[in-house]
Amino acid sequence: MPSRDVFTAIADPTRRQILDLLCQREMGVGELVETLGLAQPNVSKHLRTLGEAELVHVRVDGPRRHYRLRPDRLRELEEWLAPYRRMWADRLDALERHLDRSTTPTTRRTER
């Protein structure tokens with residue numbers, strides 16, 4: 001099961017947005033600030049939380065910090081969620097079969 005830190009980190013919509021951005025490519029703090037439209041201290045705070053949960057990796061390049069996603073940590077979450085996803089897929093398939101059986105075609109009346 002993923003650590004509590006991972007769940008805490010992904011609970012915040014801004015942090016999920018940061019993960020979405022980092023899923024595409026590595027980004028610097030300034031670029032994240034500009035893209036998100038948030039103040040630099042706020043972005044840094046979110047990045048710190050993501051770093052503590054080991055969801056991002058930081059690369060220091062002189063005075064700049066570049067962040068990239070650590071997909072291995074998300075893989076743990078994916079593996080934990082897999083049985084729940086299968087359960088919901090099975091239930092949705094059963095609902096679809098039920099609806100297919102109980103739905104009758106409607107007939108149209110033609111107006112004269």
Side-chain angles (χ1 to χ4, degrees):
M1 180 169 169
S3 72
R4 185 176 178 186
D5 290 348
V6 170
F7 289 111
T8 300
I10 64 172
D12 184 274
T14 301
R15 288 193 285 269
R16 289 193 308 269
Q17 190 175 8
I18 290 171
L19 292 174
D20 289 344
L21 292 168
L22 295 178
C23 187
Q24 299 169 27
R25 63 185 172 83
E26 179 180 276
M27 297 180 83
V29 175
E31 196 174 6
L32 287 166
V33 166
E34 185 177 319
T35 303
L36 295 167
L38 298 173
Q40 187 273 327
N42 291 340
V43 172
S44 292
K45 181 181 175 185
H46 287 300
L47 287 168
R48 183 173 42 255
T49 300
L50 291 169
E52 290 170 355
E54 299 178 355
L55 290 168
V56 298
H57 173 77
V58 63
R59 179 176 60 84
V60 179
D61 181 23
R64 295 191 175 109
R65 294 180 177 275
H66 301 273
Y67 289 85
R68 73 174 184 263
L69 187 66
R70 289 195 53 196
D72 54 317
R73 294 290 284 164
L74 292 174
R75 202 168 298 117
E76 291 175 23
L77 183 61
E78 167 68 21
E79 290 169 3
W80 181 77
L81 285 171
Y84 299 97
R85 186 175 295 106
R86 283 190 299 273
M87 176 187 67
W88 279 107
D90 291 345
R91 289 180 181 187
L92 289 172
D93 289 345
L95 175 61
E96 182 179 26
R97 287 189 300 275
H98 172 74
L99 292 174
D100 286 346
R101 285 191 306 266
S102 64
T103 304
T104 58
T106 58
T107 57
R108 290 186 172 184
R109 277 191 207 177
T110 57
E111 294 184 25
R112 295 182 185 188

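Geometrically, R91 engages W88 in a cation-pi contact, judged by NZ or CZ lying under 6.0 Å from the ring centre and within 45° of the ring axis.
Within a 6.0 Å sphere centred on CD of E34, other residues, nucleotides and ligands contribute 12 heavy atoms or fewer.
The structure places CG of L50 at 11.0 Å from CG of D5, a figure rounded to the nearest 0.5 Å. The line from CD of E54 to CG of L74 is 12.0 Å long, rounded to the nearest 0.5 Å. To the nearest 0.5 Å, atom CG of residue L81 and atom CE of residue M87 are 10.5 Å apart. Rounding to the nearest 0.5 Å gives a distance of 10.5 Å between CG of L55 and OG1 of T49.
Hydrophobic cluster membership of L92, counting Ile, Leu, Val, Met, Phe, Trp and Tyr whose side-chain heavy atoms lie under 4.5 Å apart directly or via other members: none, as it forms a cluster of its own.
When atom types are taken as modelled, the side chain of D12 and the backbone of R15 share a donor-acceptor pair closer than 3.5 angstrom. Proximity of a side-chain donor or acceptor of R59 to a complementary backbone N or O of H66 within less than 3.5 Å is not detected. Side-chain N or O atoms of R68 include none that pairs as donor or acceptor with a backbone N or O of V58 at under 3.5 Å.
Counting heavy atoms from C-beta outward, L77 and I10 have side chains that approach closer than 4.5 Å. The shortest side-chain heavy-atom distance between L22 and M27 falls under the 4.5 Å cut-off. Counting heavy atoms from C-beta outward, D100 and E96 have side chains that approach closer than 4.5 Å.
Nearest heavy-atom pair, L47 versus V56, reported as atom, atom and distance to 0.1 Å: O-CG2, 4.1 Å. Contact between V6 and A53 at its shortest, heavy atoms only, is CG2-O, 3.9 Å.
A salt bridge does not link R75 to E78: none of the charged nitrogens lies less than 4.0 Å from a carboxylate oxygen.
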For residues 35-43, which side-chain N or O atoms pair as donor and acceptor with protein atoms under 3.5 Å away, sequence neighbours left out?
residue: T35; atom: OG1; partner: E31; partner atom: O; Å: 2.8
residue: Q40; atom: NE2; partner: S44; partner atom: OG; Å: 2.5

Determine, stepwise, if the pair R70 / H57 fulfils side-chain hydrogen bond (donor to acceptor under 3.5 Å, both in side chains).
CA-CA 6 Å; R70 289 195 53 196; H57 173 77; 5.8 Å; no
